[in-house]
Amino acid sequence: MSESRSEISQLGEFGLINRISKNFTLQNTSSVKGIGDDAAVIDAGNDYLLLSTDMLVEGIHFDLSYMPLQHLGYKAVAVNVSDIAAMNGKAEQITVSIALTNRFSVEAVDALYEGIKAACANYKVDLVGGDTTSSMSGLVISISVTGRVKKDKVAYRSGAQVNDIICVTGDLGAAFMGLQVLVREKEVFMTDPNMQPDLEKFEYIVSRQLKPEARTEIIFDLEEAGVKPTSMIDVSDGLASELFHIGSQSGLGVRIFEDKVPVDQLTFQTAVDFNLDPITCALNGGEDYELLFTIAQSDYEKIKNHPDIHSIGYMHDKKDQNLMISKQGTLVPLRAQGWDHFAG
Ligand code: ADP
Ligand code: MG
């Protein structure tokens, strides 16, 4: 008898996660929020404990020919801390699990942990455990992070209200363009090893790819301004994809303005030079690790002068209607491409 077989690529990453999560119900009253947000939320008495995990796999998430191990260690921590920030929380502890092939030396592991240490110092998180094992096919690094947030301060993806203002920090698309530059320089090097990569003029976008930072200071700034975001997510898969999460989980639609989406000048110019549309890079590039959040209109005054927070649109009541108003004034439906590691 032949068993039926379905391809994971047909479901996609989000489809697969939905399929897994629908078979599980929460059994403990302390499990406040399970699968579906940037971090799980656990009742820890006075505060909520936040818990999240992210895995980076060689050949899928990074290429060691252009990713120095120190940077990889730093990035693996930063992307986890970012998920805690996305709940409006502060990260406290990490565990680090690594699977190594015999290609890696002790010095290589030292370099990886130098980066982890630098990130721990910068984000004031403690390395408290992990696991070490071997791998047949490349390096795997999996980090879990805990964090804490006051119960009345937690920000879910699902809390946006009609007419809330959509804000995003920093600028978008730079990490993606940084990656395009690194891939191109690698190809040049492979054809002619005498060619030295010229990365200096791309420093900003390359560093956005190799050494992203979690926007932990924004959490403090919002608190100081007396603003609690109604919803929040970090931009790992791309602005469009994250807008879809906020919209669908809040039961609303989103409307953003193309000319409000922050794109750095070097990102813009590099995209044009690569024959790519800068706004598409900003919408779908991913790995920006900026914070995307919504605020009540009445809070706008409190953040409008923040140099790194940009209002880009608003929430509206037409569920699943996610639109961008282009520079020409036309309505463009947003497409949530994101990264699909399972795409065939
Ligand atoms: P993020 O991009 O913020 O890290 P993901 O898109 O990776 O979030 O995951 C979305 C949600 O699905 C999270 O709540 C995550 O914990 C959960 N999740 C992802 N993979 C699995 C899995 N294999 N089993 C259970 N939950 C998962
Ligand atoms: Mg996230």
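Start at 1 and go down the list; that is how both ligands and their atoms are numbered. Source: prediction; values computed, not measured.
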Does any N, O or S atom in Glu242 come within less than 2.8 Å of the Mg ion (ligand 2)? no
Between the Mg ion (ligand 2) and Asp38, which N, O or S atom of the residue is the nearest one? OD1
Counting non-hydrogen protein atoms only, what is the nearest one to atom 25 (C) of ligand 1? Give residue, atom name and distance. Ile35 CD1, 3.5 Å
Return the closest protein heavy atom for atom 12 (O) of ligand 1 as residue, atom name and distance. Ile17 CG2, 3.3 Å
Residue, atom and distance of the protein heavy atom nearest atom 4 (O) of ligand 1 read Asp83 OD2, 3.3 Å
Pick whichever of Arg19, Glu13, Arg157 has a heavy atom sitting closest to atom 8 (O) of ligand 1. Arg157
Could you tell me, atom by atom, which parts of ligand 1 come under 4.0 Å of a heavy atom of Asp38? 3 (O)
Pick, from Gly36, Ser21, Gly34, Ala86, the option with the minimum heavy-atom distance to atom 11 (C) of ligand 1. Gly36
Ranked by distance from atom 15 (C) of ligand 1, the top protein heavy atom is Asp37 O, 4.5 Å
Side chain, backbone, both or neither: Ile233 near ligand 1, heavy atoms under 4.0 Å: neither
Any idea which protein heavy atom is nearest atom 23 (N) of ligand 1, and the distance to it? Ile20 CD1, 3.8 Å
Pull out every atom of ligand 1 sitting under 4.0 Å from any heavy atom of Ser236, numbered as shown with elements. 2 (O)
